[in-house]
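Presented below is the structure to which this report refers.
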Amino acid sequence: MFNLKVGVAAVAALMALAACGGTEPAADTPAAEGPRVLKLWHYEGADSAMGKAWAEAVKQFEASHPGVTVKFEEKAFEQIRQSAGMILNSDEAPDVMEYNKGNATAGLLSKQGLLTDLTPEVTKRGWDKLLSPSIQTTARYDERGVMGGGKWYGVPNYAEYVMVYYNKDAFKKAGVEVPTTFEEFTAALDTFVKAGTTPIAVGGAEYPAQQIFYQLALSKAQRPWVDAFQLYKGKVDFKGPEFKYAADTFADWVKKGYVDKDSAAIKAEDMGTSFIGGKYPILVSGSWWYGRFAGDVKDFEWGSFLWPGNTMSAGSSGNIWVVPENAKNKDLAYDFIDITMKKDIQNLLGNSGGIPVAADTDAITDEKSKELIENFNRLSTSDGLAFYPDWPAPGYYDVLVSGVQNLINGTKTPDAVLDEIAAPYEENLADIGN
């Protein structure tokens with residue numbers, strides 16, 4: 001979810017990294033001689049909930065597969081996001097990798113024939129019975145690459161959603177209570193501004209700013225609008241009340257000082273460290289930060305709450321395990337995915353600050369993790385997961401980053417930004433025959 005210009009040199013570097021794995025036997029066929037290697041790629045930090053759970057899964061996999069070793073390569077999100085099509089279309093593809101879900105990413109690769117149809121394994125191993133219908137949405141894609149139905153091209157083993165993180169000490173010092181309505185939320189933002197503090201940490205150069213934009217749109221939206229935008233089940237009016245409100249309000253927030261005017265150049269990592277360092281009292285982003293904050297925030301108490309007043313929030317299953325069509329050890333990939341779905345791995349993920357999809361709820365003992373999971377359950381059980389704004393069209397992530405940067409910089413009017421983000425969306429509809 002980052003906005004980097006990756007050229008030929010970066011792609012070549014990624015190819016070189018991939019080439020270090022040596023030669024593996026053919027897919028689904030045990031090696032006649034020598035050890036077998038499972039090539040695994042993901043982009044979760046070692047200290048994240050997913051990183052901890054998957055490291056344990058690697059240990060269990062190697063223990064249960066004598067003579068097989070796991071060659072794990074941690075990739076940057078941008079490496080995979082921008083170069084996946086080229087890598088997976090080569091003989092250097094990993095056996096199993098974490099990949100971003102949605103029409104613009106996993107859907108596009110499935111349409112291009114670069115991902116393995118996992119449907120037989122899903123039913124054989126019972127993964128479909130572990131995943132709720134709303135979580136399954138991002139795992140299945142039709143022949144157009146549109147999520148929600150068709151074949152299984154991925155398997156999620158965690159979930160995620162966007163929330164508001166806050167510095168409890170800063171709130172107490174400013175005399176601000178946790179808001180329960182949108183009006184109380186903006187009143188809290190005003191209180192911080194009057195005290196000389198920019199309230200919201202924002203990463204405008206990458207995904208965080210567009211998520212705030214989307215949360216504002218969702219405050220005026222209902223499920224039919226989300227289905228129209230994300231699943232092409234209706235006409236989307238970019239000058240309608242949802243996006244119009246989001247663009248106007250975001251621009252107004254910059255003028256009011258809720259958002260730093262310099263945040264257009266800030267990356268997600270720098271946004272996160274600024275919150276960890278106590279510079280900003282509020283950060284709006286996903287549950288993937290939860291484990292990081294639990295480990296790194298040392299100087300103040302913190303908590304989280306759902307975006308006030310919304311019935312829906314950006315959120316879905318987590319990113320998905322995919323098996324490239326060119327993978328050389330598909331049988332091992334299926335076994336590894338199966339281990340990540342087991343109760344003990346799911347429980348570890350939950351107690352480490354993640355949102356498991358198949359855990360034993362009684363086994364989640366960490367209080368902050370319980371809060372995280374309870375808020376997610378409130379969204380998921382009320383049909384409140386609205387996916388992410390960059391999903392509907394290939395390349396839409398960069399379109400939204402640019403659009404919201406223009407709102408922050410004031411270089412385009414809100415109406416001009418809406419025109420900017422509408423055009424690629426409409427072009428994609430034409431491409432898929434809608």
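Residue numbers count from 1 along this sequence.
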Looking at Asp142 and Lys111, does any basic side-chain N land under 4.0 Å from a carboxylate oxygen? no
ask   = Between Ile421 and Leu400, is any pair of side-chain heavy atoms under 4.5 Å apart?
value = yes
- Query: When the aromatic ring centroids of Trp307 and Tyr165 are compared, is their separation below 6.0 Å?
  - Reply: no
- prompt: More than 12 non-hydrogen atoms from neighbouring residues, nucleotides or ligands closer than 6.0 Å to NZ on Lys124, yes or no?
  reply: no
- Task: Give a yes or no on whether the backbone of Ile364 and the side-chain of Asn347 come within a donor-acceptor separation of less than 3.5 Å.
- Result: no
Across all chains, not counting sequence neighbours, the side chain to side chain donor-acceptor pair (under 3.5 Å) partners of Asp260 are none
All heavy atoms of Pro156 vs all of Gly318, minimum pair found to be CB-O, 4.1 Å
Heavy-atom nearest pair, Ser352 first then Ala49, reads O-CB, 3.5 Å
Legend entry - Close side-chain approach of Ile320 to Glu98, heavy-atom, < 4.5 Å: no
Min side-chain heavy-atom separation Phe387-Pro392 under 4.5 Å | no
| Is the shortest distance from a Lys or Arg side-chain nitrogen in Glu56 or Lys342 to a carboxylate oxygen in the other one below 4.0 Å? | no
_Within the structure provided, determine whether Lys330 and Glu325 are in side-chain contact (heavy-atom separation under 4.5 Å)._
yes
Quick one about Ser380 and Ser134 (side-chain donor to acceptor, distance below 3.5 Å, no hydrogens or angles considered), yes or no? no
Check the angle between the aromatic planes of Phe243 and Phe229 and answer parallel, tilted or perpendicular using the 30° and 60° thresholds. perpendicular
Are the side chain of Arg140 and the backbone N or O of Gly150 linked by a donor-acceptor pair below 3.5 Å? yes
When rounded to the nearest 0.5 Å, the distance separating CH2 of Trp54 from CG of Leu348 is 12.0 Å
Closest non-hydrogen contact found for Pro394 with Leu108 is CB-CD2, 4.1 Å
| request: Please confirm whether the backbone N or O of Ala264 pairs with a side-chain atom of Asn409, one donor and one acceptor, at under 3.5 Å? | output: no
- Message: For the backbone of Ser369 and the side chain of Asp366, can you confirm whether one donor and one acceptor N or O come within less than 3.5 Å of each other?
- Response: yes
Working for side chain to side chain donor-acceptor pair (under 3.5 Å), residues Tyr396 and Asn103: CA-CA 10 Å; Tyr396 210 47; Asn103 302 339; over 6 Å; no
To the nearest 0.5 Å, atom OH of Tyr280 lies from atom CZ of Phe275 at 12.5 Å
Residue pair Tyr290 / Glu371, side-chain donor-acceptor N/O under 3.5 Å: yes
Next on the checklist: Check this for me: does any side-chain nitrogen of one of Lys328 and Asp95 sit under 4.0 Å from a carboxylate oxygen of the other?
Outcome noted: no
- Task: Taking atom CG of Asp47 as the centre, report whether more than 12 heavy atoms of other residues, nucleotides or ligands fall under 6.0 Å from it.
- Result: no
Using modelled atom types only, decide if a donor and an acceptor are shared between the side chain of Ser402 and the backbone of Val399 within a distance under 3.5 Å. no
- Do Thr119 and Asp117 have side-chain N/O donor and acceptor atoms under 3.5 Å apart? yes
Practice task
For the pair Tyr141 (side chain) and Gly102 (backbone), establish whether a donor and an acceptor sit closer than 3.5 Å, ignoring hydrogens and angles.
Solution key: yes
OH (Tyr388) and CD (Gln211) are apart, to the nearest 0.5 Å, by 6.0 Å
Measure up the Trp288 and Tyr207 rings against each other and bin them: parallel (under 30°), tilted (30 to 60°), perpendicular (over 60°). perpendicular
_Whether the side chain of Thr116 engages the backbone of Val323 through a donor-acceptor N/O pair (distance < 3.5 Å, no angle test) should be reported._
yes
Gly204 and Gln405 have their tightest heavy-atom pair at O-CG, 3.2 Å
Heavy-atom nearest pair, Glu92 first then Lys39, reads O-NZ, 3.6 Å
In this structure, OH of Tyr161 is separated from CG of Asn377 (nearest 0.5 Å) by 9.0 Å
ask   = Quick one: does Asn329's side chain have a donor or acceptor within less than 3.5 Å of a partner on Leu332's backbone?
value = no
- Task: Using only heavy-atom distances, determine whether the side chains of Asp390 and Tyr214 contain a donor-acceptor pair under 3.5 Å.
- Result: no
Value for NZ (Lys129) from OG1 (Thr123), rounded to nearest 0.5 Å, stands at 8.0 Å
ask   = Ignoring hydrogens and geometry, is there a side-chain-to-backbone donor-acceptor pair from Asp383 to Arg223 under 3.5 Å?
value = no
**Asked** Side chains of Tyr258 and Thr198: does their closest heavy-atom pair fall under 4.5 Å?
**Response** no
Give the ring-plane orientation class for Phe293 versus Trp302, where under 30° counts as parallel, over 60° as perpendicular and anything between as tilted.
perpendicular
**OP:** Determine, step by step, whether Val357 and Met341 satisfy the side-chain contact (heavy atoms from CB on, under 4.5 Å) criterion, reporting the C-alpha distance in whole Å, the side-chain angles of both residues, the deciding distance to 0.1 Å, and the verdict.
**Re:** CA-CA 8 Å; Val357 294; Met341 299 295 287; 4.2 Å; yes
> Between Asn406 and Glu420, does any side-chain donor sit less than 3.5 Å from a side-chain acceptor?
Replying inline: yes
Sequence neighbours excluded, the answer for side-chain contact (heavy atoms from CB on, under 4.5 Å) partners of Ala209 is Val202, Phe250, Val404, Ile408
| said: Within the supplied structure, the quantity of interest is the number of heavy atoms (other residues, nucleotides, ligands) at a distance under 6.0 Å from Lys368 NZ; does it exceed 12? | reply: yes
So CD1 of Ile339 and NZ of Lys59: to nearest 0.5 Å the spacing works out to 13.5 Å
Note to self: Side chains of Asn157 and Leu349, heavy atoms from C-beta outward: is any pair under 4.5 Å?
What the structure shows: yes
Can you check whether Ser219 reaches Thr311 side chain to side chain, under 4.5 Å on heavy atoms?
no
Practice prompt. Kindly indicate, with the supporting measurements, whether the criterion side-chain contact (heavy atoms from CB on, under 4.5 Å) is fulfilled by Leu372 and Met163.
Written response: CA-CA 9 Å; Leu372 175 74; Met163 69 194 80; 3.5 Å; yes
Exercise. Go through the side-chain N and O atoms of Gln60 and Asp344 and say whether any donor and acceptor fall under 3.5 Å apart.
Key: yes
Between Asn319 and Asn100, the two heavy atoms sitting closest are OD1-OD1, 2.6 Å
Report task. Verify, without hydrogens or angle tests, whether Thr340 (side chain) and Ile337 (backbone) share a donor-acceptor contact under 3.5 angstrom. Result -> yes
Sorted by chain and number, sequence neighbours left out, ring-ring contact (aromatic ring centres under 6.0 Å, His included) with Phe182 holds for none
Distance only, no hydrogens: is a donor on one side chain within 3.5 Å (strictly under) of an acceptor on the other, for Ser316 and Glu160? no
(message) When you compare the side chain of Val162 with that of Gln215, does any pair of heavy atoms fall below 4.5 Å?
(response) yes
Worksheet item: Is the Lys NZ or Arg CZ of Lys220 less than 6.0 Å from the centre of Trp225's six-membered ring, within 45° of the axis?
Response: no
Only residue of Tyr334, Trp127, Phe336, Tyr99 satisfying side-chain contact (heavy atoms from CB on, under 4.5 Å) with Trp321 is Phe336
Does the pair Trp391 and Gln230 meet the rule for a side-chain contact (heavy atoms from CB on, under 4.5 Å), with working shown?
-> CA-CA 7 Å; Trp391 285 10; Gln230 296 282 358; 3.5 Å; yes
Discussion item. side-chain contact (heavy atoms from CB on, under 4.5 Å) for Tyr158 and Glu44? Distances and angles first, verdict last.
Written reply: CA-CA 12 Å; Tyr158 69 100; Glu44 305 295 341; 3.5 Å; yes
